[in-house]
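A short worksheet on the structure shown next.
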Amino acid sequence: MIPPIARRSLLATLAAAAVLPAAAARAHHGWSGYVAERLAILKGPIRAVRFQNPHCEIDLAADGTVWRITLAPPFRMNARGVPDGTLQAGQELEIQGYVNRSDRTEIRAERIVLAGRAVEMR
Amino acid sequence: MHDHVGEATAPAWTVAVEHSALGLAMRSSDWLYPAVETGHILSFVALVGAIVVYDLRILGLRPAVPPLELARLAIPVSGAALVGAVATGIALFTAEASTYVTNAVFLVKLGLLALAALNVAWVHAAVRPFSDRPIGAAARAGAVLSLALWPTVVVCGRLIAYL
């Protein structure tokens with residue numbers, strides 16, 4: 001019923017859909033864009049807090065670098081007991097996460113340790 | 001505290017878009033971003049669903065269904081859904097405009113969207129969906145292209161977050 005050219009186009013679309021995710025290099029959600037083999041653990045003062053959608057972020061000074069740490073979306077931050085105002089500039093924080101392969105100063109946090117309390121971000 | 005730090009290399013216009021009232025609201029409100037994101041999904045589900053059904057009819061499936069009657073149902077649905085998808089898409093864009101304009105798959109998506117829109121014009125010219133003109137080869141070619149383009153636009157949209 002569907003002409004052969006239609007079948008070919010549909011197949012090409014499906015193939016593209018299957019292949020494109022593999023090309024993801026600087027993943028935001030996926031894991032391929034982050035160095036998942038090594039959990040980075042950083043401790044230092046928070047420099048800035050951006051409690052915002054789609055993901056909250058902080059700047060953290062550690063090991064002579066200011067890192068951009070991607071946390072969870074605001075809804076999840078609230079649900080995990082870290083609402084807006086909890087994290088503040090100047091506060092000491094430990095973060096555990098994975099470094100972005102293409103932007104080596106960005107880290108996707110797995111968890112943060114705030115005053116001895118570990119809070120999962122995923 | 002709430003404000004997004006635009007990327008140092010970002011063009012001035014995307015930074016301006018991010019700092020617009022809408023961009024600010026999209027980032028600072030807890031519920032607005034997920035609500036708009038959900039609205040975007042509902043819109044393109046209806047859009048692509050209606051398009052796929054109409055394209056399959058053009059390609060000859062279910063010959064008992066009169067194309068004119070299907071057009072009267074599917075085209076207004078897809079039109080309204082397109083308005084919704086574009087409006088919510090623009091709102092999502094304002095939240096992180098500087099990031100999006102450097103995202104290759106976002107640019108590919110916009111290009112494919114433009115092609116898909118041209119193809120809509122092509123199919124409409126070939127079929128004249130609100131008439132009883134018989135469906136010819138040009139219309140079928142447009143339907144094939146449509147079936148390839150629209151799902152790929154959705155795939156690219158989904159991949160924006162992964163690139």
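First the proteins, then the strands, lettered A, B, ... as listed; each starts at 1.
- Residues B/Trp31 and A/Phe75 come closest through the heavy atom pair CA-CE1, 3.7 Å.
- Atoms CZ and CD, on B/Arg27 and A/Glu57 in that order, are 10.0 Å from each other to the nearest 0.5 Å.
- B/Leu145 and B/Val48 fall within the same hydrophobic cluster, defined by Ile, Leu, Val, Met, Phe, Trp and Tyr side-chain heavy atoms under 4.5 Å apart, directly or through other members.
- Taking CD of A/Gln52 as the start and CG of B/Asp30 as the end, the distance is 11.5 Å to the nearest 0.5 Å.
- One hydrophobic cluster, built from ILVMFWY side chains closer than 4.5 Å, holds both B/Val53 and B/Val65.
- Looking only at distances, no side-chain donor or acceptor of A/Asn53 sits under 3.5 Å from a matching main-chain atom of B/Leu32.
- Following chains of ILVMFWY side-chain contacts shorter than 4.5 Å, one cannot reach B/Val77 starting from B/Leu68, and the two form parts of different hydrophobic clusters.
- For A/Arg47, the CZ atom is loosely surrounded, since the number of other residues' heavy atoms within 6.0 Å does not exceed 12.
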